[in-house]
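Note that the coordinates shown come from a computational prediction; the quantities given were computed from them, not determined experimentally.
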Amino acid sequence: MSHTTTESGLRDAVLSAASELAGERAATQASRRTTLERPPKPDFGDYSTNAALLLAPAAKSSPRELAGRLGELLSSRLSGELDRFEVAGPGFLNLYLSDSWHVRALAKVLEAGDDFGGGGMRERERVIVEFVSANPTGPMHVGHARNAAYGDALARLLAFCGHEVWREFYVNDAGSQIAKLGESILALANHMRVPEDGYRGEYVERLVASMTNATSRSAQELGRDAVDVMIGEIQRSLHEFRVIGFDHWQRESVLHEPRADLLSEDGRALSPVEHALELLERHGHTYRDDGALWLRSTDFGDDKDRVLVRSNGEHTYFASDIAYHQDKRERGFDRQVDVWGADHHGYIARMRAAYEALGGDPDHLEMLIMQLVHLVHRGERAQMSKRAGEFVTLDDLLDEIGVDAARWFLLSRSHDTTIDLDLDLAREQSSENPVYYVQYAHARIASMLAKAGQGRVEGALEEVGRASERLHPAERALVKKLVGFGGEIDEAAMRRAPHRIATYALELAQDFTAFYRDCRVVGAETPVLESLRIALSVASQRTIARSLDLLGVSAPAEM
RNA sequence: GCCCCCGUAGCUCAGCUGGAUAGAGCAUCGGACUUCUAAUCCGAGGGUCCCAGGUUCGAAUCCUGGCGGGGGCGCCA
């Protein structure tokens, strides 16, 4: 028997009662669309369900009549937990839960401890999340910062839900862009013009200065060294940005090196790229044309076929990426998540095609596109160009508004909406950033609990559930908000939408602050009531801290 | 031309696998500091949810067609 003091437990109780009234088959069919939600207004009850609206036809009954019978049945099953019910509108069933339900629900929240809200996934998967993957040809700009914050938060979220998460950064250290960087450095070192399509900007000058004997070395060598320097800078910036360390930095160049465990039919060691191409060729998914090797990606839904090996014999970036995805699959991950920039969207169809051609299940490959961050300056959109050296770097952003405000800003919006960043405005308003409101609620609880004393708090947690006082509406609202955390986590994870956690955290902080305003905690009318309120504060503090942690935002004990 | 994302309050954005009177922060206006931390709280004003059809008992949400903004359509990465 599931606990009806959790949202999922309550929902199960509704579904089970509905299935008794309308038949199991109909209830099962409608179960996905059956909602149990906290209505917008307290007048509509603590929870509300549309079950009767969905099942009325199957029950050969009017929605309102069925809702009434459903209410009766639930009343008898949840005696002591359900105060009353109401049938509303076209056939909603509004449930009014008792104070003792709220108290027991709080006890359940506290019982879960620090893991409250986590572990909700039905099946545990091995997930690899590849994100940032900024080209090491320059510092990270705010677009990369968004990708980093999102990928990091998503990985934290999936791990909290119980998945085994592996984080990876794909380093494009091969190919023409690196050569261009090397050429640009060489040109500058020789006091010559940087090539038209080369790299410029203050950081390139710094690279030149950091290279010894630059003028006597090849562009290729310089490019390679510059990549190492840039990766070091990227790592430092990411660390600063509180991105949890990557489990692996996969260099593209390594995918071109032979590996003893990958053998051709005649026993020769193959590189991962050769290995992937061999598999594709063997299964007849490639052909030669104009001296190039093509993937017949149109067979798998792409608009046109794609080149794997150019007529000059060089592999395309696409070929490396195919090898990379194949390698990840061979390493045994159940699911691959790629977090890519907006400019990669046209790349999705071909990657999925290649993945499928190699025998992968396309449902296990998720390519998530981050929309752009637009810079706004004095009301005008500004262009960001790395080659021209004009952009706002992650480091600049952190200098201006700090890690917490930056992460909150980037993470409180959906990944598929473009966001405008006005640095002047961000700087001006950073003290008004809602992140501080949430942190302040956390700090305030910490201070309050310190005032109560550790022993008093422990005592309060011992006797949760003993309270029998009438609850204040603010207390009831706060309990319900806490009870909804697990569902919110599951939803955010399922939708790959960590920004929902930010919305939740703000709402929770608001509900806590209303409770704090209306209900005296330390020094409440009775010791039992004080205990209940201390327990409620502890649960709120933990949940705020957890929400902030999932976003990579700090939860200070004082402000 | 084709593909993807977006269009919700003055601004920035939530809400979107359909649900009740559409929300938050900021900004504006008015009020509350003898505190459990005022980085707070209370109150007010502010909306053709881009437009037009369609599906439905019910549409900001789903479908179709427009309009507007952004991005992508290389033997670049």
Report yes or no: does [X] contribute a side-chain atom to a donor-acceptor pair with the main-chain N or O of [Y] at less than 3.5 Å?
X      : Y      : result
A/R413 : A/F409 : yes
A/T316 : A/V307 : yes
A/H256 : A/S253 : no

For [N], does either OP1 or OP2 sit under 4.0 Å from a side-chain N or O belonging to [X]?
X      : N     : result
A/Y440 : B/A39 : yes
A/Y347 : B/G74 : no
A/K304 : B/C2  : no
A/R517 : B/U40 : no

| task | Among residues two or more places apart or on two chains, list those pairs meeting ring pair (Phe, Tyr, Trp, His ring centres under 6.0 Å) that have a residue in residues 413-454 of chain A. | result | A/Y150-A/H415
Atom-to-atom span, [atom1] of [X] to [atom2] of [N] - whole angstrom:
X      : N     : atom1 : atom2 : answer
A/L375 : B/G71 : CG    : P     : 13 Å
A/F318 : B/G72 : CZ    : P     : 19 Å
A/H344 : B/C73 : NE2   : P     : 10 Å
A/F409 : B/C13 : CZ    : P     : 7 Å
A/R288 : B/C75 : CZ    : P     : 16 Å
A/Y437 : B/A39 : OH    : C1'   : 11 Å
A/L372 : B/G71 : CG    : P     : 7 Å
A/H256 : B/A77 : NE2   : C1'   : 12 Å

Listed partners of [X] passing ring-ring contact (aromatic ring centres under 6.0 Å, His included), at least two apart:
X      : answer
A/F318 : A/Y347
A/F85  : none
A/Y324 : A/Y170

Can you sort out the partners of [X] under side-chain contact (heavy atoms from CB on, under 4.5 Å), two or more places apart, ordered by chain and number?
X      : answer
A/V204 : A/I185, A/L188, A/Y199
A/T35  : A/E37, A/N50
A/A56  : A/P63
A/A26  : A/L55, A/A58

| message | Any donor-acceptor pair, under 3.5 Å, between the side chain of A/S176 and the base of B/C76, if you only look at N and O atoms? | response | no
| So, does the side chain of A/H345 form a donor-acceptor pair with the base of B/C73 at under 3.5 Å? | no
By the 4.0 Å heavy-atom rule, please label [X] as base, sugar-phosphate, or nothing.
X      : result
A/A174 : sugar-phosphate
A/A56  : nothing
A/R495 : base
A/A443 : base
A/D290 : base
A/Q510 : sugar-phosphate

[atom1] atoms of [N] and [M], separation to the nearest Å:
N     : M     : atom1 : value
B/G47 : B/G23 : C1'   : 11 Å
B/C50 : B/A60 : P     : 10 Å
B/U61 : B/G19 : C1'   : 11 Å

| Axial cation check for A/Y203 ring with A/R200, 6.0 Å and 45° limits | no
| query | Is there a side chain to side chain donor-acceptor pair (under 3.5 Å) between A/S414 and A/D416 once you walk through the steps? | reply | CA-CA 5 Å; A/S414 159; A/D416 54 15; 2.6 Å; yes
| query | Which comes earlier along RNA chain B counting from the 5' end, the contact point of A/G346 or that of A/C519, where each point is its nearest nucleotide? | reply | A/C519
| field | Side-chain H-bond candidate by donor/acceptor type, A/H374 with A/T418, under 3.5 Å | value | no
Once you apply the 3.5 Å cut-off to both distances, tell me the Watson-Crick or G-U wobble partner of [N], or none.
N     : result
B/G45 : none
B/A32 : B/U40
B/G23 : B/C13
B/C2  : B/G72
B/U64 : B/A52

Which of the following nucleotides, [options], is nearest to the side chain of [X]?
X      : options             : answer
A/R413 : B/A39, B/G70, B/U12 : B/U12
A/D420 : B/C13, B/G72, B/C42 : B/C13
A/S311 : B/A39, B/U12, B/C75 : B/C75
A/M494 : B/G72, B/U17, B/C73 : B/U17

Kindly give the atom pairs (protein nitrogen or oxygen, nucleotide nitrogen or oxygen) under 3.5 Å for nucleotides 19-22 of chain B.
from: B/A20; atom 1: N6; to: A/S48; atom 2: OG; distance (Å): 2.4
from: B/A20; atom 1: N6; to: A/N94; atom 2: OD1; distance (Å): 2.9
from: B/A20; atom 1: N1; to: A/N94; atom 2: OD1; distance (Å): 3.2
from: B/A20; atom 1: N1; to: A/N94; atom 2: ND2; distance (Å): 3.2
from: B/U21; atom 1: N3; to: A/K41; atom 2: NZ; distance (Å): 3.4

| Sequence-aligned protein contact record of nucleotides 5-11 of chain B, with B where the base is within under 4.0 Å of a protein heavy atom and S where only the sugar-phosphate is | SS-----
Enumerate all atom pairs, one protein N or O and one N or O from nucleotides 26-32 of chain B, separated by less than 3.5 Å.
from: B/C26; atom 1: O2'; to: A/Q429; atom 2: NE2; distance (Å): 3.1

| request: Would you mind reporting whether A/I419 and A/R146 have side-chain heavy atoms less than 4.5 Å apart? | output: yes
| Should A/S133 and A/N172 count as side-chain neighbours, where that means a heavy-atom distance under 4.5 Å? | no
| query | Between residues 496-506 of chain A and RNA chain B, which residues have a heavy-atom gap below 4.0 Å? | reply | A/H499, A/R500, A/T503, A/L506
| field | Shortest non-hydrogen separation from A/M351 to A/I322 and the atoms involved | value | CE-CA, 3.8 Å
